[in-house]
Structure formats: C-alpha cells, structure tokens
Amino acid sequence: MKVRYSYLPQQFGQIHDLLDAIAKFVPTGDFTLGAPLREFETRFAKLIGAKHAIGVGSGTDAIKLPLKALGVGHGDEVITAANTFIATVGAIAEIGAKPVFVDCDDTFCMNVSQVERAIGPKTKAIVPVHFTGYMTEMEPLMAIAAKHALPMVEDACQAILADIGGKRAGTWAAAGAFSLHPLKNLNVWGDGGVVVTNDDAMDKKLRLLRNHGMRNRDEIEILGYNSRLDTLQALVGNWLIDQTGDITAKRIANAEYYDAHLGKIKGIRIPPRQANRRRVYHLYVVFAERRDELLAHCVKHGIEAKVHYPIPLYLQDGLRHLGYKEGDFPISDAHATSIITFPTDQHLSREEQDHVIKTVREFYSGR
Ligand SMILES: *Cc1c(COP(=O)(O)O)cnc(C)c1O
C-alpha cells in the first residue's frame, strides 16, 4: 500500500465549477488586484476573525511586508525560532535585518522562557512561529513583548485555524502571516500569501507595500515591492476557502487517531498535547527511537514519511554568517535526530493510517 504525503490531484479532481468561474474571469482582464482578490480578502479576514486581510505574493512576503511596515530594517535584530522553515529567516534577511534564534521546546515552538535573554539593544521585533500547527505560548510572549515595547509578526503559515482558548493564530500580534503554498492546509495553485491585521494603519501600509508603494497610478507614497496575490489564485482560494474548517477538522481527527495508536508503541513518544489549545497538524510529528531506521522502514513500505528537518536551520551552510555553532540550540539539535513526520493529509483513509500504524508497530517489535 502507498501512503502519500499529499493528495493534490484528488483535492482538485472535481473542479468544473472552478473552471467555469475561471472561464468567466479571463475575459474580464481584471488580473491584478482584481475583484475576486477583494472577495477572497474579505472572506479570509472573516475566516480568521481579523479585521483586515491583505493578499500578497507568498507566505515569505506575508512575514516580510509587516516587518517592513513596522520599520524593521538594516542593522536591526529580529528574534525567531531556531527550528523554523527557512522562509521565516529569509523574510527577516530580505529587509536587511539579522535573525536571532531562540531554541524550541517539545511543542516545536519557540521556548518563550528563553526570549528575554535574546533581547538586546538592536532587537526590533519578534516573529513567533506556530510550527507544525502548534501555537507558540502567546500569553507570556505578549507580556514580554509589551514589557520591552517590541512589536510582533506571527508566522502562522502552518497554523491556519489553530487557537489558544479560541483566539486564533495570526490575531494576537501586530500582524499574522499565512501561506497559500500548495502544501499548506489552505492552498492554491502556486505561490501566495495573506497578512491579517486588526490595525487600520497597518492595513493601509501593507496595501501600499505590496503594490510598489503606489498611492495611485501616478503617485508613489513610499518605496514598496511587487508582491500582490494573483487574482487568478484568489479565484482558487474563493473556491476552496469554505472547506478550510473541514480540512482542519479532518487533519485533527487523523492526528488523534495516530496519537491513540502510535502512542501505545514502545519507541514512539507523542509530544505534549496541552488542553485549551487547538493544534491543526500542518505536520503530524512524533519522537521516534532509531528514527533513521524507522524512516527507511516506512519508506520501504510505501509510506511517504519525512523529517522536518534533519539539519537544524542554524547549522545550515547558507546561515553560517550568523555565527552560530553546533550545540547552541540543544532542543533543536535533539529534534533533528529524533522527530519523524507521518502523512496526515485530509484525504487519508483509515486503511492508509492503519498501514502506517502497523508498519511502525512491526518495526519496533522486530518483525
Ligand atoms: C510555508 C512557510 C512559510 C512561507 O512559505 P512560502 O513558500 O513563501 O509561502 C513561512 N514560514 C513557515 C514556517 C512555513 O512553513
């Protein structure tokens, strides 16, 4: 049996109504900042429970543009999580700022108790990453940020519809960043991103920044970027957005099924599942003894298991200039050798999940 990581052909298998909408849209020529984009932004803001949503070119830009709007730039330091995906760091670096890492904990998010010692005179902002679909401990982090007067941008790219006590990822900080990349929980047919904010001034600035800083066709208010969400992708987003709740619920149900069965296997440890939190399992990650052997065993049995990520970000060649050395972030290091990601796509069947569970069980029982 083959258990795939992603099921994009199935997800976009029945799209006659979407193709009809595209056929109607193309003759309008409304390709940049078009009416369907406005519709998508309104619906996205409503979905998240934020006042504004601004469509941008990618999830990376959804982090970069609000940082820029907050005045972060050359020589500034931005605190983020040591175990994040490279895009978070790329967004910080693109505006000339320096990423400063804080180690994660076993929820794969920044260990908030270590943030204060990373704050220095050059610190200008904090970017918590709600990694895998867990949320960063926002309540204590908000208190630290307020004490030091540091604005925050949430990297919620893996955490659409996650929440703490009902308050959603992306709505805590000055702005929240989402990605619409094909592998994300709400996905389109290419790159795309969305920023949400409750701040009218931030909304206005982001709309300028994504469109060359143009107030109108003839006047440039500030220097900006070319980073608009394609109107065509917004049509895909409009087609899909009402399914986000069901997609999320299915991924959570898949994760709970895995937890109940994998949790009984000696050799597997389920990460802490705190109460009063909604985790949305962009990635279903557990700790595994003899991880590399288990991974090879799963792949051999047709399971597209993965590791996010085998090389800690702070030790990557491309980030050597930051000056970090092995051992600086021991929890991130430990995760790099002990975590494994099992497929948790919303299209997975129980039979496929049972195949994963059986394969893992057989590995540890030596059969
Ligand atoms: C996907 C992702 C991003 C943004 O990626 P894009 O490919 O630019 O949309 C940022 N941060 C994290 C943690 C991500 O997983």
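As the structure is a computational prediction, the values presented were derived from the model and not from experiment. Remember, it's 1-based here, ligands and their atoms both numbered in the order they're listed.
Annotation: cation-pi pair Lys306/Tyr5 present, NZ/CZ under 6.0 Å from the ring centroid and within 45° of its normal. For the pair Arg251 and Tyr281, the cation-pi criterion (under 6.0 Å, within 45° of the ring axis) is not fulfilled.
Note: His261 and Tyr257 meet the aromatic proximity criterion, with ring centroids under 6.0 Å apart. Aromatic ring centres of Phe25 and Phe31 lie closer together than 6.0 Å.
The pair Glu116-Lys147 meets the salt-bridge criterion, with a side-chain N (NZ, NE, NH1 or NH2) lying under 4.0 Å from an Asp/Glu carboxylate O.
The distance from ligand 1 to the heavy atoms of Thr88 drops below 4.0 Å at these ligand atoms: 11 (N). Each of the following atoms of ligand 1 lies closer than 4.0 Å to a heavy atom of Ala87: 3 (C), 4 (C), 5 (O), 10 (C).
Classified by interplanar angle (parallel below 30°, tilted 30° to 60°, perpendicular above 60°), the ring pair His297/Phe363 is tilted.
Contact annotation for Asp155 and ligand 1: only side-chain heavy atoms (C-beta onward) come within less than 4.0 Å of the ligand.
From the protein, the heavy atom lying nearest to atom 8 (O) of ligand 1 is Thr60 OG1, 2.5 Å. With hydrogens left out, the protein atom closest to atom 9 (O) of ligand 1 is Ser179 OG, 2.6 Å, a heavy atom. Taking atom 7 (O) of ligand 1 as the reference point, the nearest protein heavy-atom neighbour is His181 CD2, 4.0 Å.
For the residues Gln158, Lys184, Lys64, the heavy atom positioned nearest atom 2 (C) of ligand 1 is part of Lys184.
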